[in-house]
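To start, the structure under review is shown below, and the notes come after it.
For this chain, numbers begin at 1 and follow the sequence in order. As the structure is a prediction and not an experimental result, all values here were calculated from the model.
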Amino acid sequence: MSPTRHRNRRPALRRWAPRGAALAALGMAATGCASNEYTRLGLPEPITEQAERVLMLWQGSWVAAFAVGVLVWGLIIWSVIFHRKRSEQLPPQVRYNLPIEALYTVLPIVIIAVLFYFTARDQTYLMETDEPADVNVEVVGFQWSWQFNYLEESRAEAVEAGREIPTRVFSVEGTPDDVPTLVLREGDVVHFDLSSPDVIHSFWIPAFAFKMDVIPGHPNEFQVQIKDDVVPEGEDSATFAGRCAELCGVDHARMLFNLEVMTDEAYDAWYAEQEAAADAEAEQIQARADEENLQEDPQSTGDQVREGDEGPQTETAEDDESTAEEEAGR
């Protein structure tokens, strides 16, 4: 290759390299304008406001990773192309390059600090429970299924009111063969209290982009706001998958549940039906308890009568003995 051709190629590469990088960046930006499975980079479609924040953090982390990758690979390719071996002559040797060494030290620290800031900020937002909740649900994870207790107030609100246990409205309990369904209403703020009677589980709904451990003796809590456009137009509900994300024993894979997000009308009808069923069950339990008490009452009444009959007889015998002693003394 002649020196003239070589000199002409270097300016051409220098002109087209920035243009190619700009075109790639433009393509990534244009693709990111629409939310789809490619721009979400593996995350499912978020159905809560908190999941949207997680998605933004996830995408921002990937953008930072891509930027670092482009910089590193760009420098490698630049060195391979423009500083490749051309002759047997040894190139000038540079012992120190303080600006480059300072850049290699400061730049990673800046990247880590920025990622730490956004992670801490979003984690604080995800753990906030100050907003008043529309629905309070106690999630009980046990081997090998789930129980969802719909409460009148959260555990913290019950403790503040002087009650150790919050008031339960009704419950939905499942088994490994009968998967339970957690029903929520779109647009609601939902507060979750998590507890377990046996081992550590993990409450995970992928559409929440969030999971939290369910630990025995250590209650956890979090809350989310369901988005308003979760249910497709013309439908009454939308169903999502949920599962345990902590290896909790031999049947861990069977700890499944469903999340069903309903419209206002469908949720109100379902809630009223569940509440009526719980009231009817409570009345049946009370009726059986009253019947058992009635069956026990005659026996206890008979014992009282027999004890009462023996009393006067004993008292009469004692009176007779005292009367006989008085007559003997006379």
Side-chain angles (χ1 to χ4, degrees), residues 1-46 48-128 202 204 206 208-213 222 245-247:
M1 181 183 294
S2 65
T4 303
R5 292 184 60 187
H6 178 70
R7 284 195 297 267
N8 291 338
R9 177 174 291 185
R10 292 182 64 182
L13 289 174
R14 290 176 180 175
R15 287 197 307 269
W16 284 104
R19 295 177 184 178
L23 183 62
L26 180 61
M28 290 179 60
T31 307
C33 293
S35 177
N36 52 53
E37 59 181 344
Y38 299 106
T39 58
R40 292 197 303 270
L41 300 168
L43 282 184
E45 182 73 27
T48 67
E49 300 298 335
Q50 289 76 8
E52 287 284 356
R53 179 69 67 88
V54 174
L55 177 60
M56 292 175 58
L57 179 64
W58 176 249
Q59 291 173 327
S61 301
W62 273 103
V63 168
F66 282 134
V68 173
V70 168
L71 175 62
V72 173
W73 282 101
L75 291 174
I76 292 175
I77 294 173
W78 182 274
S79 301
V80 169
I81 294 176
F82 296 105
H83 298 281
R84 65 186 183 275
K85 181 179 179 181
R86 299 186 181 91
S87 66
E88 298 299 329
Q89 183 179 358
L90 185 65
Q93 301 299 300
V94 179
R95 187 172 183 181
Y96 298 108
N97 192 326
L98 292 180
I100 294 297
E101 292 177 2
L103 179 64
Y104 287 166
T105 303
V106 173
L107 187 59
I109 295 176
V110 172
I111 294 174
I112 293 174
V114 171
L115 292 176
F116 177 82
Y117 165 76
F118 285 107
T119 302
R121 183 200 65 177
D122 293 346
Q123 181 177 346
T124 301
Y125 169 72
L126 294 175
M127 299 305 297
E128 288 180 353
S202 184
W204 182 34
F208 282 7
F210 181 86
K211 61 182 178 180
M212 179 173 282
D213 284 349
F222 73 97
E246 184 79 21
L247 183 58

Where at least one partner belongs to [range], residue pairs that pass salt bridge (charged side-chain N to carboxylate O under 4.0 Å, His left out), sequence neighbours excluded:
range	value
residues 55-74	none
residues 55-80	none
residues 50-74	E52-K227, R53-D122

Residues passing the side-chain hydrogen bond (donor to acceptor under 3.5 Å, both in side chains) test with Q123, sequence neighbours excluded, are none
Value rounded to 0.5 Å, distance of [atom1] in [X] from [atom2] in [Y]:
X	Y	atom1	atom2	value
L57	R121	CG	CZ	8.0 Å
I81	I76	CD1	CD1	12.0 Å
E128	Q50	CD	CD	9.0 Å

F210 meets the ring-ring contact (aromatic ring centres under 6.0 Å, His included) criterion, sequence neighbours left out, with F222
All N/O donor-acceptor pairs, side-chain side in residues 98-119, below 3.5 Å, sequence neighbours left out:
unit_1, atom_1, unit_2, atom_2, d
T105, OG1, E101, O, 3.0
T119, OG1, L115, O, 2.7

Heavy-atom closest pair (F208 atom, A51 atom, distance to 0.1 Å) is O-CB, 3.3 Å
Taken in chain and number order and not counting sequence neighbours, the residues that satisfy salt bridge (charged side-chain N to carboxylate O under 4.0 Å, His left out) with E88 are K85
query: Hey, what's the ring geometry for W62 with W58, parallel, tilted or perpendicular (30° and 60° as the breaks)?
result: perpendicular
